[in-house]
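The block underneath contains the structure these notes are about, expressed in structure tokens.
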Amino acid sequence: MRVHSIESFGTHDGPGIRMVIFLQGCKLKCLYCHNPDTIDTHGGKEYHIEELVKMAVKQKAYFGKRGGVTVSGGEPLLQSKELVPFFKRLKEEGINTNIDTNGRVLNHFTVELLDEYADLVMLDIKHMTEEGYEALTGQRNKETTFTFAKHREASGKKMWLRYVLIPEITNKPELLHQMGEYFKDYKTIEKIEIQPYHKLGIHKWESLGWEYQLKDARENTTEEIETAVEILQNYFKEVKVN
């Protein structure tokens, strides 16, 4: 697998303490991306699956009952063909598995991964309108993400949602209500994690020679975050602010 980086003791990428593998490559170019160096599909370092499995097994004692391995990115499902045998090996070792994804890849490898080997999926909801989705990601067809969500719901397996709050862009009451109404009847969603907007990745954009287009966007006020939580609590079992 082509890997960007590995975090040994992650606590914000799924339940418990986790080994987080950030895979290289993404087809989106989200304006707020704080790891733009993961976008290039030709970057990163090649790892053999067994090499990663050995690393995970060495850390297994720290995972406890809730922790495990999370694959993130970039977009990890661009490498779903390789993730199937990797997750299969992790399951053989009794290690919990999690995928952090934008949900744009749903080929037969992804379906096998989701249905057989992924204990949890964290699905990133970019925007609730087609226009907003394209403006944020540079790509059209937001419905691929919702098709992905429907497939996960039908499987009956656990899912978390993630949503970045950008003032005047995604942090609008009407969008939050729209998202809540869309997902309110889903049985597999355990929680939604909202992530206040920050500019920690600007220097990475600049080092790549790319223009960061959200320089004028401000961070959320405490009141705005509280309001978002209050709205989403009407629809989801748990709302967490990361």
From [X] [atom1] over to [Y] [atom2], what is the distance, rounded to the nearest 0.5 angstrom?
{"X": "S72", "Y": "D13", "atom1": "OG", "atom2": "CG", "answer": "6.0 Å"}
{"X": "Q59", "Y": "I6", "atom1": "CD", "atom2": "CD1", "answer": "8.5 Å"}
{"X": "N102", "Y": "M122", "atom1": "CG", "atom2": "CE", "answer": "12.5 Å"}
{"X": "L200", "Y": "Y32", "atom1": "CG", "atom2": "OH", "answer": "14.5 Å"}
{"X": "H198", "Y": "N242", "atom1": "NE2", "atom2": "CG", "answer": "10.0 Å"}
{"X": "C26", "Y": "Q139", "atom1": "SG", "atom2": "CD", "answer": "9.0 Å"}

Sub-4.5 Å side-chain heavy-atom contact between [X] and [Y]:
{"X": "L114", "Y": "K157", "answer": "no"}
{"X": "T38", "Y": "L23", "answer": "no"}
{"X": "R66", "Y": "N96", "answer": "no"}
{"X": "K29", "Y": "I39", "answer": "yes"}
{"X": "L106", "Y": "T147", "answer": "yes"}
{"X": "E112", "Y": "H108", "answer": "no"}
{"X": "V229", "Y": "E226", "answer": "no"}
{"X": "T97", "Y": "F86", "answer": "no"}

If you take all heavy atoms of [X] and [Y], which pair is closest and at what distance?
{"X": "E219", "Y": "E224", "value": "O-OE1, 4.4 Å"}
{"X": "A118", "Y": "I99", "value": "CB-CD1, 3.7 Å"}
{"X": "N98", "Y": "G14", "value": "ND2-CA, 3.8 Å"}
{"X": "L136", "Y": "K126", "value": "CD1-O, 3.6 Å"}
{"X": "M159", "Y": "Y186", "value": "CE-CD2, 3.8 Å"}
{"X": "P36", "Y": "C33", "value": "N-SG, 3.5 Å"}

Under 6.0 Å from the [atom1] atom of [X], do we count more than 12 heavy atoms belonging to anything else shown?
{"X": "K237", "atom1": "NZ", "result": "yes"}
{"X": "Y62", "atom1": "OH", "result": "no"}
{"X": "K199", "atom1": "NZ", "result": "yes"}
{"X": "K81", "atom1": "NZ", "result": "no"}

Is there a path of hydrophobic side-chain contacts, each under 4.5 Å between heavy atoms of I, L, V, M, F, W or Y residues, that connects [X] with [Y]?
{"X": "F63", "Y": "F87", "value": "yes"}
{"X": "L28", "Y": "Y163", "value": "no"}
{"X": "V164", "Y": "I189", "value": "no"}
{"X": "V239", "Y": "I125", "value": "yes"}
{"X": "Y47", "Y": "L90", "value": "yes"}

Item checked: Qualifying ring-ring contact (aromatic ring centres under 6.0 Å, His included) pairs, either residue in residues 208-242, two or more places apart ->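 Qualifying pairs: H177-Y235, W205-W210, W205-Y212.
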Under a 3.5 Å distance rule, please check whether [X] uses its side chain to pair with a backbone N or O of [Y] as donor and acceptor.
{"X": "T41", "Y": "G25", "value": "no"}
{"X": "Q233", "Y": "E238", "value": "no"}
{"X": "K60", "Y": "E93", "value": "yes"}

Checklist line | Evaluation steps, side-chain contact (heavy atoms from CB on, under 4.5 Å), between D40 and Q24 | finding: CA-CA 7 Å; D40 181 8; Q24 185 72 34; 4.1 Å; yes
Does a donor on one side chain and an acceptor on the other come within less than 3.5 Å for [X] and [Y]?
{"X": "T70", "Y": "D100", "answer": "no"}
{"X": "D37", "Y": "H4", "answer": "yes"}
{"X": "K204", "Y": "N35", "answer": "yes"}

Check: Considering residues at least two apart in sequence or located in another chain, which fulfil the salt bridge (charged side-chain N to carboxylate O under 4.0 Å, His left out) criterion with E153?
Finding: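 By the salt bridge (charged side-chain N to carboxylate O under 4.0 Å, His left out) rule, E153 matches no residue at all.
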With sequence neighbours left out, what residues match [X] under side chain to side chain donor-acceptor pair (under 3.5 Å)?
{"X": "E230", "result": "none"}
{"X": "T101", "result": "E75"}
{"X": "S80", "result": "N107, T110"}

Check: Should E168 and R218 count as an ion pair when the cut-off is N to O under 4.0 Å?
Finding: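 Answer for the salt bridge query: yes.
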Margin query: Here's a test for you: under side-chain contact (heavy atoms from CB on, under 4.5 Å), which of L165, I169, N171, L214 qualifies with Y197?
Written below: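 Between Y197 and the candidates, side-chain contact (heavy atoms from CB on, under 4.5 Å) is satisfied uniquely by L214.
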Notebook entry, point to check: Which of these, E174, E181, M179, sits in a side-chain contact (heavy atoms from CB on, under 4.5 Å) with M128?
Noted result: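 Running side-chain contact (heavy atoms from CB on, under 4.5 Å) over E174, E181, M179 with M128 returns exactly one hit, M179.
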Item checked: Candidates R152, R18, K158, K91 - the one meeting salt bridge (charged side-chain N to carboxylate O under 4.0 Å, His left out) with D119 ->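 For D119, the salt bridge (charged side-chain N to carboxylate O under 4.0 Å, His left out) check succeeds only for K91.
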Note to self: side-chain contact (heavy atoms from CB on, under 4.5 Å) for R162 and I192? Distances and angles first, verdict last.
What the structure shows: CA-CA 6 Å; R162 286 184 146 184; I192 181 170; over 6 Å; no
Item checked: side-chain contact (heavy atoms from CB on, under 4.5 Å) between L77 and L113, intermediate numbers included -> CA-CA 9 Å; L77 293 181; L113 188 67; 3.6 Å; yes
Next item on the list: Could you give me the CA-CA distance, side-chain angles and deciding distance for L120 and W160, then say whether side-chain contact (heavy atoms from CB on, under 4.5 Å) is met?
Entry: CA-CA 8 Å; L120 175 65; W160 295 2; 3.6 Å; yes
Can you give the donor-acceptor pairs under 3.5 Å from side chains of residues 48-58 to other protein atoms, not counting sequence neighbours?
residue	atom	partner	partner atom	Å
H48	ND1	E50	N	3.0
E50	OE1	R89	NH2	3.3
E50	OE2	R89	NE	2.6

